[in-house]
Amino acid sequence: MGRFFNVNGDCRPELHYMTNIQPKLHAIKEMVDRGEYFTINRARQYGKTTTLRALTRFLAEDYLVIRMDFQMMSHANFKSESAFTAAFSGELLDLVTEIPQNILENLVSFTKDTEQPITLPSLFRVLSQWCGQSEKPIVLIIDEVDSAANNQVFMDFLALLRGYYMNRDIKPAFHSVILAGVYDIKNIKLRFEPNEEHKNNSPWNIASDFLIDMSLSAEEIAGMLEDYEHDHHTGMKVEEISGLLYAYTSGYPFLVSRLCKLMDERVEGKTGLTYSAWTKEGFLAAVRILLAESNTLFDSLINKLRNYPELEEILRSLLFTGKEITYVIGVQPVEIALMFGFVKVSKNSVVIANRIFETLLYNFFLATPSMQQEDMYDSLSISIHSMVTVDKSFMRMMGDDILCCF
């Protein structure tokens, strides 16, 4: 079986068509080489896990890399320091094959039931000893930290990471620590219940800014398409299709891959279209399929609207009033919209992240009973429906700045 476009789980170059992420890996390695602690926070399905898996391999020559996934630990593992220490130690034993004997014995002892509670400082003393004995500097990568972010044990874990970072000229510590998830540590308080505000004092103020662009550029998309074209000889105009993909997705990795997957697998066979999939018309047909389907990314975005009501007001304002919102750091609804990928900052203004999301949100809001009762609904919906009566008018509309699909 040949390679294919993947939208489920991490991408692997030997199995999937994907962009060249080597420049991003080099940029992240520079941060690791400097011994920085940082977070990689991006919206769902933005390529974080794919990048971290590739980074683990990329760093292996110079570092001992421990890549953990907090999704592999249960809620019960974060109930107490003893439970967390046992679970964390067990994960280390599973992940690392060569551990110094004295460190190994201590980690094994932490996984066993004892009458005496095991504290996080006990774990960190052993980890510090390991860092001091290791032939290579140790880099700790933790993916999906969101799954651990709503409890005090996690905050205490961060505090100890910070403490050892501040004192690493005295005590050995991890050379670099990378935390990855949707929530930024500074916004971790959004995960807490109202009666748990005492947990909001995040100690992760040692983190360096992570400024590496994780979105895909038109040039990176073109490189992936050229790879595909080499295998399939469709005759596509690579520059045109990569430009369209970027224009409608702003380089959001899931959307790029999903549209490519639809053009590759569904446009010709299941839509009954007579034109080639890898043309502008085929691309627009893929957009129509995408906007009509239920997928994990769209479901996640809609759920966020339900869980964070303040999002609705700001998104409605951007879509229907034309009011410009200037980006100011710390405005919570804006920060939430940025964190979940609904919006981006362009020329110091807050705008919807891409055309696909713009259409998805238009459709969602126009379908709500409250919106249908508003005076502007009839004129807006009639105008839109008249534009999409036939495929030709739909395609003409899709070339405009705003696209809608009903």
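As the structure is a prediction and not an experimental result, all values here were calculated from the model. For reference, positions follow the sequence shown, starting with 1.
- Considering only residues two or more places apart in sequence or on other chains, Ser346 meets the side-chain hydrogen bond (donor to acceptor under 3.5 Å, both in side chains) condition with none of them.
- Applying the salt bridge (charged side-chain N to carboxylate O under 4.0 Å, His left out) definition to pairs two or more places apart or across chains, none involves residues 68-96.
- For Arg42, the side-chain hydrogen bond (donor to acceptor under 3.5 Å, both in side chains) test picks out no residue, with sequence neighbours left out.
- In terms of the salt bridge (Lys or Arg N to Asp or Glu O under 4.0 Å) criterion, Arg67 has no residue partners (sequence neighbours excluded).
- By the ring-ring contact (aromatic ring centres under 6.0 Å, His included) test, Phe174 pairs with no residue at all, sequence neighbours left out.
- In terms of the side-chain hydrogen bond (donor to acceptor under 3.5 Å, both in side chains) criterion, residue partners of Ser250 (sequence neighbours excluded) are, by chain and number, Lys344.
- The side chain to side chain contact (heavy atoms under 4.5 Å, CB included) test applied to Tyr228 returns Phe5, Tyr17, His232, Thr234, Met236, Asp264, Trp278, not counting sequence neighbours.
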Quiz: residues 56-66 side-chain donor-acceptor pairs under 3.5 angstrom, not counting sequence neighbours:
residue, atom, partner, partner atom, Å
Thr56, OG1, Leu52, O, 2.8
Asp62, OD2, Lys29, NZ, 3.3
Tyr63, OH, Asp33, OD1, 2.5

Table please: side-chain donor-acceptor pairs of residues 237-246 below 3.5 Å, with sequence neighbours left out.
residue, atom, partner, partner atom, Å
Ser242, OG, Val238, O, 2.9
Ser242, OG, Glu239, O, 3.0

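- By the side-chain hydrogen bond (donor to acceptor under 3.5 Å, both in side chains) test, Glu293 pairs with Arg258, Asn295, sequence neighbours left out.
- With sequence neighbours left out, the side chain to side chain contact (heavy atoms under 4.5 Å, CB included) criterion links Asp209 to Leu211.
- Screening residues 4-21 for salt bridge (charged side-chain N to carboxylate O under 4.0 Å, His left out), with sequence neighbours left out, gives Asp10-Arg12, Asp10-Arg53.
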